[in-house]
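Whatever order the structure lists them in is the order used to number ligands and atoms, beginning at 1. Computed from heavy atoms alone, side chains included, the values below leave out hydrogens, waters and symmetry copies.
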Amino acid sequence: MSQLKNFDTAFTLQGKTALVTGGSRGLGLHMATAFLRSGCSHVIVTARKLEGEQGIQQAVDKLNRLPGIRGKAIGIAANVADSKDIVRLVGEVKDIVGSKGLNILVCNAGAAWGSKFEDAPPSSSVKILDLNVRGVFELVQKSLPLLEQASSRDDPSRVLIISSTAGNNVPHVGEHGTIMYSASKAAANHLGRNLAVELGPRYITSNIISPGFFPSKLAQGLISNLGGIDSLSKDNPMRRLGEPEDIAGVAVFLCSPAGKYVNGVEIAVDGGARLSAGRMSRL
Ligand SMILES: NC(=O)c1ccc[n+]([C@@H]2O[C@H](COP(=O)([O-])OP(=O)(O)OC[C@H]3O[C@@H](n4cnc5c(N)ncnc54)[C@H](OP(=O)(O)O)[C@@H]3O)[C@@H](O)[C@H]2O)c1
C-alpha cells in the first residue's frame, strides 16, 4: 500500500482566494461557481459591465446564494485589456485578500471576431490581441506579488489561461473566418508555457485550458453560423457540446492539491473534437 498524504482533501480548494476574469457569465461564471462550491473563501469576479442582466452584480448575487458555501463572491468592474484598469483591479484585489494573497488567477476574459479575411478591420485585431494576449501578460505580471504571497513549495499558487482549441488548429476560414482569434490563442498558449518556466521557481504553476464549443454569448454567433448546437453536436466524438461541469471539473483539478505538480500543460476540453479531421468534420 502507498501512503498518499492528505488524499481526502486532494480535490478541495478550502480557504483559497481566486480572481476570475470574465466571471459575469459563460465559462468564467461556471468556474467561479465551482471554486466557491469547492471551498474558496473569496472568489473575485471581474468584467466590464457592473449592472444589468449580463453584469457582474447579478453574477455575484447568484454566486452568494449558492447553497452550502462558506466563502463569498465579490465583483469588481474592470477592463482587463487596459493597463491602468489592470493596476487598479490588482490594488482592489489586494485590499480584499490582505495578507492571504491570491492563490488562483484565472485569465478567462476573451474577445473573438469572425468575418471574411478581407473584411476584418485593424480594430478587430487590436481588440483581440489586447485582451487575449497582452492583457493576460500584464494581469499576471501585476498580480505576481499577490500570487507569491500565497505560494509555497507544497502549495503553489495557480495561473490558468483559458485559451481555445483554435490555438492549435485552423478552425474557421472563409465567410466566418477567425484567423486573428486563432493566432491570439496560439500566442496565449505559448505565453502560458513561458509563464510555467518563469514562475515555477516562485512556486506558481501556469496551465492552459483549451475549450471546444460551449454555448455562451461569445460562441453563439459562430455556433449558429455553423448550423447550430444539434448539428455541431453530431460532429463531436462525444455527440454533444461542452457543459458547465466539463470546464468546472478541469479548473478545480488544476487549482487543487491534486494538480500542484502539473505545470505548463494545455488541457483540451472539447470531447476530442479537435482531433476529428475526417471528411465530415466542420470543426
Ligand atoms: N464558449 C466557447 O465555445 C469557447 C470556446 C473556446 C474558448 N473560449 C474562451 O473562453 C473564454 C470565455 O468565453 P465565454 O464563451 O465564456 O464568453 P462570454 O460568455 O461572452 O463571457 C465573456 C466574459 O468576459 C468578459 N469580458 C469581455 N471583455 C472583457 C474585458 N475587456 N475586460 C474584462 N472582462 C471582459 C465579459 O463581460 P463584459 O462584456 O461585461 O466585459 C464576460 O464576463 C474566452 O477566453 C474564450 O475565448 C470559449
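With 3.5 Å as the limit, one finds no donor-acceptor pair spanning the side chains of S83 and K142.
Using a 4.0 Å cut-off between a side-chain N of Lys or Arg and a carboxylate O of Asp or Glu, D82 and R88 do not qualify as a salt bridge.
Below 4.0 Å from some heavy atom of L131 lie the following atoms of ligand 1, by number and element: 28 (N), 29 (C), 30 (C), 31 (N). Atoms of ligand 1 lying under 4.0 Å from at least one heavy atom of G26, given by number and element, are 16 (O), 19 (O). Proximity to N79 (heavy-atom distance under 4.0 Å) selects the following atoms of ligand 1: 30 (C), 31 (N), 32 (N). Per-residue contacts place F213 under 4.0 angstrom from the following atoms of ligand 1 (heavy atoms of the residue considered): 3 (O). Contact atoms of ligand 1 toward L27: 10 (O), 16 (O), 48 (C) (distance under 4.0 Å to a heavy atom of the residue).
At least one heavy atom of G212 lies less than 4.0 angstrom from ligand 1. The shortest separation from a heavy atom of P215 to ligand 1 is not under 4.0 Å, leaving the residue out of contact. The shell of residues lying under 4.0 angstrom from ligand 1, judged by heavy atoms, excludes H30.
Rounded to the nearest 0.5 Å, atoms CG (L191) and CZ (R134) are 12.5 Å apart.
Within the 4.0 Å heavy-atom criterion, the part of A78 lying near ligand 1 is the backbone and not the side chain. If you look at P211 next to ligand 1, the close heavy atoms, those under 4.0 Å, come from the backbone and the side chain alike. Here K185 has side-chain heavy atoms under 4.0 Å from ligand 1, and that is the only part of it that gets that close.
Considering G110, A81, S163 only, the shortest heavy-atom separation from atom 7 (C) of ligand 1 involves S163.
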